[in-house]
Amino acid sequence: MPANLPRSATASFKKIAEILEAGTWAFPTDGKYNGSGAPGRYLEDLLGIKENNADSPDLNDWEIKFHGGTALLTLFHKDPEPKGIIKEVVNDYGWTDAQGRISFRHTISGQTKRGFCVLNETDRIIIKNTTQSGATPYWLHNTILNALSSKLRRLIVIEGEMHSNPRSVTYKEATAYWEPDITGFIQAILEGVICVDFDARTNEGRGSAIRNHGTKFRIKNDDIAKIYANKHKIIAGIG
């Protein structure tokens, strides 16, 4: 292992390496591991991680994330300010879905076809629409960087594949990242390397109550190394 690995790496990497070495795991049939999130939930149970929605790491001081397929990887959830702005965003910019609800499910990376872009101001980043006026959600730089440093200072991404018959998952490979680029993280958002993903809608028509699934900061798996100073491939059976 590289000499500059954190002390917690030895024990944490060993657990991951053992799971990779075992290859394919059949899901228990207790009904707990249903849906697309089953591989991640099962991985947490294999590692002895208690369900954790707090802004703190999972395994010792490492955040563990499962990644399968080509979807973007969610780094963290962080709704914008000021309080209640999501309702304004949905009603100002949303569109009618098949059920007659007003939906704003939109991934913003650079300039989008709907006119949205991410801009930088003195102490914050904002979402601006260049074609129409309306709500301007924002995140203070410190809010974003605190989420990064508290939750993602050390990250392990485990890639794998879910199988339907029989229901099982193969954990294929894992990569550890540490020492995030604090100064470059905001720039990565502005450049679209990190996407801002809104997922909210009204319960009925325009002006009704909001159902918000959370605003996510997401990234392509191949781009994760761009925002960290160090990475290490965890080898099955070795660590």
Side-chain angles (χ1 to χ4, degrees), residues 35-37 40 53-55 63 65-121 123-148 150-152 155 157 180 184-224 226-227:
S36 59
N53 293 320
D55 291 333
E63 175 73 4
K65 290 187 178 291
F66 174 81
H67 182 262
T70 59
L72 295 173
L73 181 80
T74 298
L75 294 170
F76 55 81
H77 293 67
K78 187 64 65 175
D79 278 337
E81 297 182 66
K83 186 177 180 179
I85 192 69
I86 291 294
K87 185 172 184 177
E88 293 183 41
V89 168
V90 172
N91 284 288
D92 287 351
Y93 302 122
W95 48 90
T96 305
D97 67 13
Q99 287 75 44
R101 305 169 301 196
I102 306 303
S103 174
F104 190 74
R105 302 184 67 184
H106 196 43
T107 300
I108 300 172
S109 173
Q111 179 86 29
T112 75
K113 293 180 179 180
R114 292 183 178 270
F116 293 95
C117 60
V118 183
L119 300 176
N120 197 31
E121 293 189 342
D123 63 344
R124 66 194 64 190
I125 62 170
I126 67 171
I127 300 295
K128 187 80 172 177
N129 190 290
T130 58
T131 61
Q132 65 183 103
S133 60
T136 305
Y138 69 86
W139 296 260
L140 295 173
H141 291 170
N142 285 343
T143 299
I144 294 173
L145 297 179
N146 285 340
L148 174 67
S150 63
K151 185 77 170 173
L152 294 169
L155 170 68
V157 178
F185 195 79
I186 298 295
Q187 190 61 34
I189 298 172
L190 296 173
E191 293 175 355
V193 174
I194 297 170
C195 306
V196 181
D197 191 2
F198 288 88
D199 186 2
R201 61 167 173 80
T202 59
N203 283 336
E204 297 177 353
R206 196 174 300 274
S208 62
I210 294 292
R211 183 175 180 83
N212 179 22
H213 293 282
T215 309
K216 308 171 186 70
F217 286 78
R218 309 180 75 195
I219 192 170
K220 292 180 181 177
N221 202 46
D222 292 342
D223 286 338
I224 298 173
K226 294 180 180 179
I227 60 172

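For the pair Y138/E121, no side-chain contact is recorded, criterion being any heavy-atom separation below 4.5 Å from C-beta on. Side-chain atoms of N203 and I210, non-hydrogen and from C-beta on, never get closer than 4.5 Å to each other. In this structure, I108 and C117 have side chains that are not in contact, with every pair of non-hydrogen atoms separated by 4.5 Å or more. Taking the side chain as every heavy atom from C-beta outward, I144 and K78 never approach each other to under 4.5 Å. Between I127 and P80, the closest side-chain pair of non-hydrogen atoms is not below 4.5 Å. In this structure the side chain of F116 never reaches within 4.5 angstrom of the side chain of V196, judged on heavy atoms. Between L73 and K220, every side-chain heavy-atom pair lies at or beyond the 4.5 Å cut-off.
By the 6.0 Å contact criterion, CZ on R105 is open, its count of non-hydrogen atoms from other residues, nucleotides or ligands being 12 or less.
With rounding to the nearest 0.5 Å, the separation of CG in L75 from CZ in R218 is 9.5 Å. Here I102 contributes atom CD1 and D97 contributes atom CG; the two are 7.5 Å apart, rounded to the nearest 0.5 Å. A distance of 11.0 Å separates CD1 of I189 from OG of S109, quoted to the nearest 0.5 Å. Interatomic distance, CZ of F185 versus CG of L145, reported as 8.0 Å (0.5 Å rounding). Taken from NE2 in H141 to CG in N146, the straight-line distance is 12.5 Å, to the nearest 0.5 Å. Interatomic distance, K65 NZ to T74 OG1, rounded to the nearest 0.5 Å: 6.5 Å.
Shown here for V157 and H67, the closest heavy-atom pair between the two residues is CG1-CB, 4.0 Å. The two residues A135 and D92 come nearest to each other via the heavy atoms N-OD2, 2.9 Å. What you find for N91 and G207 is that their closest heavy atoms are OD1-N, 2.7 Å. Considering all non-hydrogen atoms of both residues, E81 and I85 come closest at O-CG2, 3.7 Å. Across every non-hydrogen atom of S208 and K87, the tightest pair is O-CE, 4.0 Å.
Partners of E204 under the side chain to side chain donor-acceptor pair (under 3.5 Å) rule, at least two apart in sequence or in another chain, do not exist in this structure.
Distance alone, capped at 3.5 Å, is enough to place a donor-acceptor pair between the N129 side chain and the Q132 backbone. Looking only at distances, no side-chain donor or acceptor of D199 sits under 3.5 Å from a matching main-chain atom of G214. Under the 3.5 Å distance criterion, the side-chain polar atoms of T130 are matched with a main-chain donor or acceptor of G115. Checking side-chain atoms of N212 against main-chain N and O of A200 turns up no donor-acceptor pair under 3.5 Å.
Among pairs with a residue in residues 187-211, those fulfilling ring pair (Phe, Tyr, Trp, His ring centres under 6.0 Å) read F104-F198, at least two apart in sequence or across chains.
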